[in-house]
Q: 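Below is one structure. I have some questions about it.
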Amino acid sequence: MFEPWGVLVILIICPLLGGLPLIAWITYALTGKQLSQVGTKNISVSAAFYHGGKFVGILAVLSEALKGVAAVLLSRVFFPDGSSWELLALIALVIGRYWISRGAGTTNVVWGFVVHDPLVAIFVSFFAGISFTILQSRQVVKFGVLLLFPLFVALLHISDIPRMVGAVALAGLMGWIYTKIPDDMNLSVKDAQTESQPMLEFLRGDGAMVSLDQELDAAIVGEKAATLSQIKRWGYPVPKGWVLAPIDDPELLTEFLQPSELSPLVVRSSAIGEDSEHSSAAGQYETVLNVTSPEALQQAIAQVQASYNHPSAVQYRRDRGLNDTAMAVLIQQQVQSVYSGVAFSRDPITQQGDAIIIEALPGNATQVVSGKFTPEQYRAFVLETENSSSVQLEGQGRVPQALIKQVAYLAYRLEKRYHGTPQDIEWSYDGQTLWVLQSRPITTLLPIWTRKIAAEVIPGVIHPLTWSINRPLTCGVWGELFTLVLADGALGLDFSETATLHYSRAYFNASLLGDIFIRMGLPPESLEFLTRGAKLSKPSLQSTWKNLPGLGKLLKRELTLEKDFKQDYHKRFIPGLSQLAQEDIDNLEPSKLLARIDFILDLLRQGTYYSILAPLSAALRQAIFRVKDGQIDHSLTPEVAALRSLSAIATDAKEVLLEFEPQQVFEQLKQTPEGEKILREFDELLQDYGYLSEVGTDISVPTWRENPQMIKQMFVQLMQGNEPQSGAKDAINSIFAGKRKRSFVQRRVDIKGRVTEVYSRLLAELRWSFVALEKIWLKSGLLKKTGDIFFLNFDEVRSLVGDDDFRLIEELDKLVESRRSQFVQDSEFIQIPLLVYGNTPPHPLTPSALYSDQILQGIGASHGQAEGRVKVLRNLQDVPEIDRDTILVVPYTDSGWAPLLLRAGGLIAEVGGRLSHGAIVAREYGIPAVMDVRGATWLLQDGQRVRIDGSRGIVELSNDLRPE
């Protein structure tokens, strides 16, 4: 029983021993400082030296060393010397040290190991000392020791498996703790106790020379140096360089570099905050070229450092609300330039399009950026497919065309490396190598706004009232989900900036979403992957690990989604919809209508949560389980269910009317009892699905119940024989057969369908409430035209109901007319940019046809091939005759577009992915579909013959054009 008691004593006593805050007591007793409230708040030896001085630090070392020795000796009371139980005692000690008194336990382990295994301790200390002397990097040495000591244990005790396992476990625990607590050595040395500063400077490795070959922190060495080090590590040519941090002494570096006439250096600024996404600070700080002696190097460093406090630089920071920080200095080998210049991966003037702008001159790059010379200008377009890439060039000059193309491709690749953030690149060519001298974000082109995804969530031109309701709902839910994962990491993020309107269309903030996903430890294009199948880049493992608890919370939400929705469905949504259906809104006064609207919005807030999480959950499960689109049944999606019901009624109607006139179908059906039954079924369908509209998320668009003409037209055309192809019917039957399995994916798709139904019903009730309110105001003369209410925002509607904003009432006509005019103007834009760079987009340019002359590339969304003639349809106001020879080309697809696909031979959409409405319905009816074909409604013309491949996502063009 002696050994079991020993285990118990180790597991109880050692954690308590480790948790004793001896360092805190010593520091407080001698200095009056509470370590838990200063600096990093660590209770550590280095904190004692930093805040208490040398004497306090020495006492701290002794106290923690005694703990480590005591833990090992305690183990020897019960177990043999050198046993693996001594390592367990140290592990228990470290756990207590971390959990109770917030320390890493490094000193405990070092001195405990000296007693446990002196030989291993000597070997590890020897290698650590040599490594630190050479590398002067405490991080490398710290984590290197954690790899070395288990290795030495294994080599010296190869037959003692428990001992090796214990050493690995101890090293793993220490490494994990190092990633969880801040390092006191990162605190500023100048704020430490004076007597401790020399030792801290040595241990920090401040005497080391920092080069661009290392991974650098922008917060210490500035964005310019950190970015160049990253680009260099990616494999791009960057001149060899060294960095002098703001607190570093330049003497060691100047002695080491020894510049000369044959090997000149360039000294450049790398201020904290310079070349960032928020400010470029272009031209604000000094650059010194042709430094050829140690004396000149010292002067150049001083000159660059002094430029930080130059009046113009100070004023620049003040004008942009930037804090004063510090100046790091970047010293590089000077390139002997033959040609130099700058490249913008996006045009900073037009702010749109895919053109790469290049300016170049013979000689060094400073001639171009100085503004004293007129450089040659070029425009380049990079065309890249899976198998090849090419560069189209506009412009000619003295600089070789091949070099300009090489620069264009460099700019293109660097922008992709920075997840689409436009780059301002300084480059130089020495006759052999194209060097990158600098790369920074083009600040005037940020943030980046994207129509991808947004065009599916809320497509088309958007009225102010719709936006004032949808934006806070959508941004609020995204903010809730992101905060759930990030916790404190969400500080400083403004989730209200997740979306905005440009050209009266919805755009998502790609820059903000990318930043959020990076903070979450996910690739910045994660949202696009989930909704559109985009390729993912590699996420940051450290960030993913850091946010693992938050991601776990999000996973829990996903796992309980079905249970949560069913609970809300029965307790909130169904009772709420029933209550709304029983109200006679035509007889409600404005205050009652406003209360009804608030009630609907309360339900919509929860509905929006499900409308976002359910599709993401379904897409994630489909990606994980690799379920093909054709294996999924979308019958619970309202528009799919409506089309199936309509098709069934039309089939019955054909049996009643063997011969009919298309324009007289409904009148002819009234003439027989069987026909009247068909009409009742049609009215029931309209009652069941009348809440749907052309754009389900836009409350300004009339519902089917208000405007049933389109459904009647679809009904007649189904009676004329335009049914799904037989192959599509077979696919549908196979889907139904597989539906019974209720896979993980199918259950989420079913929930998505139910969520869509609830959400669409609530939006319809919201629309009908505003329409009822508008009728009252039209009757009173407050509003002049039908639809005026949708040119107000919700706060303005609330103020008008309160009847207390006299200024608003006085200016109401002018306000509505101004917004209506802007809406009409924006509606006339046939083609708007997929991406908007910056917050003030210019007038949309005609898109460049940067495709192959005969092929347009998109996303394959519904398998199969079809050939036919193009019919461009930009809205549903005037639905043309469509047949199987028609390839429908649309800007987007929503529930209102779905019936058209019954008759079309194929679909091409400018936006959308595999999970968009059009893609789902196209697969349902076996119609090939290609989504995300940029500029399709502009590039393709009515009557043009095309061939689409819904599997490969391509559209092949023909010169055969027959105008209609």
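Just so you know, these numbers use all the heavy atoms, side chains as well, and skip hydrogens, waters and symmetry mates.
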Q: Do S504 and D826 meet the criterion of a side-chain donor-acceptor pair at a distance under 3.5 Å?
A: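 Short answer, yes.
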Q: Are R934 and D354 ion-paired here, with the side-chain N under 4.0 Å from a carboxylate O?
A: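 Here R934 pairs with D354 in a salt bridge, since their nearest N and O are under 4.0 Å apart.
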Q: A side-chain contact here means heavy atoms from C-beta on lying under 4.5 Å apart; do L604 and L763 qualify?
A: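 Sidechains of L763 and L604: in contact.
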Q: Whether E811 and R819 form a salt bridge (side-chain N of Lys/Arg under 4.0 Å from carboxylate O of Asp/Glu) is what I want to check.
A: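 Here R819 does not pair with E811 in a salt bridge, since their nearest N and O are not under 4.0 Å apart.
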Q: Are F495 and W478 side-chain neighbours, meaning at least one heavy-atom pair lies under 4.5 Å?
A: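 In short, these two side chains do not touch, never coming nearer than 4.5 Å.
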Q: Specify the closest pair of heavy atoms between I425 and S439, including all atoms of both residues, with the distance to one decimal.
A: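 Closest pair (atom of I425, atom of S439, distance): CG1-OG, 3.6 Å.
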Q: What distance do Y837 atom OH and L835 atom CG have between them, rounded to the nearest 0.5 Å?
A: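 Separation between the atoms: 4.5 Å.
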Q: Strictly distance-based, threshold 3.5 Å: is any side-chain N or O of R605 a donor or acceptor partner for the main-chain N or O of V477?
A: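 Here the side-chain-to-backbone pair does not exist.
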Q: Report yes or no: does R471 contribute a side-chain atom to a donor-acceptor pair with the main-chain N or O of G476 at less than 3.5 Å?
A: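 No; zero donor-acceptor contacts below 3.5 Å.
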Q: Between the main-chain N or O of E817 and the side-chain N or O of S821, is there a donor-acceptor pair closer than 3.5 Å?
A: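 Between the backbone of E817 and the side chain of S821 there is no qualifying donor-acceptor contact (under 3.5 Å).
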Q: Ignoring hydrogens and geometry, is there a side-chain-to-backbone donor-acceptor pair from R519 to L486 under 3.5 Å?
A: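 Not at all, since once roles are kept as given, no pair shorter than 3.5 Å links the two residues.
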Q: Does S617 use its side chain to pair, donor to acceptor, with the backbone of A614 at less than 3.5 Å?
A: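 Between the backbone of A614 and the side chain of S617 there is no qualifying donor-acceptor contact (under 3.5 Å).
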Q: Salt bridge (Lys or Arg N to Asp or Glu O under 4.0 Å) for E757 and R754? Distances and angles first, verdict last.
A: CA-CA 5 Å; E757 178 190 354; R754 291 293 186 199; 3.4 Å; yes
Q: Begin from the C-alpha positions of F344 and I356 and carry the test side chain to side chain contact (heavy atoms under 4.5 Å, CB included) through to its verdict.
A: CA-CA 6 Å; F344 298 96; I356 296 169; over 6 Å; no
Q: So, does E910 use its side chain to make a donor-acceptor pair with the main chain of V890 at under 3.5 Å?
A: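 Not at all, since once roles are kept as given, no pair shorter than 3.5 Å links the two residues.
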Q: Write down the atom of V755, the atom of G607, and the distance for their closest heavy-atom approach.
A: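 Minimum heavy-atom separation between V755 and G607: CG1-O, 4.3 Å.
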Q: Nearest 0.5 Å please: distance from the CG atom of D424 over to the CD atom of Q438.
A: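 These two atoms lie 6.5 Å from each other.
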Q: Please examine the side chains of I855 and V955, heavy atoms only from C-beta on, and report whether any two atoms are closer than 4.5 Å.
A: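 Contact flag for V955/I855 side chains = no.
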Q: Can E706 and W768 be counted as having a side-chain donor-acceptor contact under 3.5 angstrom?
A: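 Side chains of E706 and W768: pair found under 3.5 Å.
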Q: Would you find more than 12 non-hydrogen atoms of other residues, nucleotides or ligands less than 6.0 Å from D488 atom CG?
A: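 No, CG of D488 has 12 or fewer neighbouring heavy atoms, counting only those of other groups under 6.0 Å.
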Q: I'd like to know if the side chain of Y507 pairs up with that of T450 as donor and acceptor (distance under 3.5 Å, no hydrogens or angles considered).
A: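 No, T450 and Y507 have no side-chain donor paired with an acceptor closer than 3.5 Å.
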Q: Would you sort out whether L692 and T703 count as a side chain to side chain contact (heavy atoms under 4.5 Å, CB included), showing the intermediate values?
A: CA-CA 5 Å; L692 295 174; T703 59; over 6 Å; no
Q: Do P459 and T697 touch side chain to side chain, with heavy atoms closer than 4.5 Å?
A: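 Contact flag for P459/T697 side chains = yes.
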Q: Would L512 and T498 count as a side chain to side chain contact (heavy atoms under 4.5 Å, CB included) here? Give the steps.
A: CA-CA 7 Å; L512 176 61; T498 305; 4.0 Å; yes
Q: Enter the distance from Q606:CD to L473:CG here, rounded to the nearest 0.5 Å.
A: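 If I round to the nearest 0.5 Å, the distance is 11.5 Å.
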Q: Please name the pair of heavy atoms, one in S345 and one in E415, separated by the smallest distance, quoted to 0.1 Å.
A: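 Scanning both residues completely, I find the closest heavy atoms to be OG-OE1, 2.7 Å.
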Q: Do the side chains of K785 and D813 get close enough for a salt bridge, i.e. N-O under 4.0 angstrom?
A: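 Salt bridge flag = no for D813 with K785.
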Q: State the CZ-CG distance between R557 and L481, to the nearest 0.5 angstrom.
A: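 One gets 6.5 Å once the value is rounded to the nearest 0.5 Å.
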Q: If we ignore hydrogens and angles and just use 3.5 Å, is the side chain of R874 paired with the main-chain N or O of T937 as donor and acceptor?
A: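 Indeed, once roles are kept as given, a pair shorter than 3.5 Å links the two residues.
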Q: Do W449 and N509 have side-chain heavy atoms sitting under 4.5 Å apart?
A: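 Yes, close enough: below the 4.5 Å cut-off.
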Q: Given side chains that start at C-beta, do those of L940 and L957 come closer than 4.5 Å, heavy atoms only?
A: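 L940 vs L957: side chains touch.
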Q: For the residue pair L513 and F508, establish whether any side-chain heavy-atom pair is separated by less than 4.5 Å.
A: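 Side chain of L513 against side chain of F508, heavy atoms only: contact under 4.5 Å found.
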Q: Looking at L465, is its backbone amide N or carbonyl O close enough to the side chain of S468 to form a donor-acceptor pair, meaning the two atoms are under 3.5 Å apart?
A: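 Yes.
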Q: Can you name the nearest heavy-atom pair linking P615 to Y610, along with the distance?
A: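 Where P615 meets Y610 most closely, the heavy atoms are CD-O, 3.8 Å.
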Q: Are T466 and D698 close enough that a side-chain donor and a side-chain acceptor fall under 3.5 Å?
A: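 Short answer, yes.
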Q: Say you draw a straight line from CG of L613 to CD of E480; how long is it, rounded to the nearest 0.5 Å?
A: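 L613 atom CG to E480 atom CD measures 9.5 Å (nearest 0.5 Å).
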Q: Would you say I462 and Y503 make side-chain contact, with heavy atoms under 4.5 Å?
A: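 They are not in contact (no side-chain heavy atoms under 4.5 Å apart), so the answer is no.
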Q: Between N793 and W467, is any side-chain donor less than 3.5 angstrom from a side-chain acceptor?
A: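 Judged by distance alone, the side chains do not pair up.
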Q: Just how far is it from atom CD of E774 to atom CG of L792, taken to the nearest 0.5 Å?
A: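 Between E774 CD and L792 CG, I get 9.0 Å after rounding to 0.5 Å.
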Q: Using a cut-off of 6.0 Å, state whether more than 12 heavy atoms not belonging to R761 lie near its atom CZ.
A: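 Enclosed: over 12 neighbouring heavy atoms sit under 6.0 Å from CZ of R761.
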Q: Among all residues two or more places apart in sequence or in another chain, which pass the side-chain contact (heavy atoms from CB on, under 4.5 Å) test with E384?
A: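 Partners of E384 under the side-chain contact (heavy atoms from CB on, under 4.5 Å) test: S389, Y409, Y412, R413, K416.
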Q: Please check if the distance between the ring centroids of W234 and Y418 is under 6.0 Å.
A: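 Ring centroids of W234 and Y418 are less than 6.0 Å from each other.
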Q: With side chain to side chain contact (heavy atoms under 4.5 Å, CB included) as the test, would you mind laying out the steps for R379 and D347 before giving the verdict?
A: CA-CA 9 Å; R379 287 168 57 87; D347 191 332; 3.4 Å; yes
Q: Between S693 (side chain only) and V695 (backbone N and O only), is there a donor and an acceptor less than 3.5 Å apart?
A: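 Flag set: sc S693 to bb V695 pair under 3.5 Å.
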Q: Specify the closest pair of heavy atoms between A343 and I358, including all atoms of both residues, with the distance to one decimal.
A: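 Taking A343 first and I358 second, the nearest heavy atoms are CB-CG1, 4.1 Å.
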Q: Applying side-chain contact (heavy atoms from CB on, under 4.5 Å), name anything that partners S818, two or more places apart in sequence or on another chain.
A: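 Scan of S818 (side-chain contact (heavy atoms from CB on, under 4.5 Å), adjacent residues dropped) gives none.
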Q: What heavy-atom pair brings P348 and I357 nearest, and what distance separates the two atoms?
A: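 It is CD-CG1, 4.4 Å.
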Q: Are the side chain of R767 and the backbone N or O of I699 linked by a donor-acceptor pair below 3.5 Å?
A: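 Indeed, once roles are kept as given, a pair shorter than 3.5 Å links the two residues.
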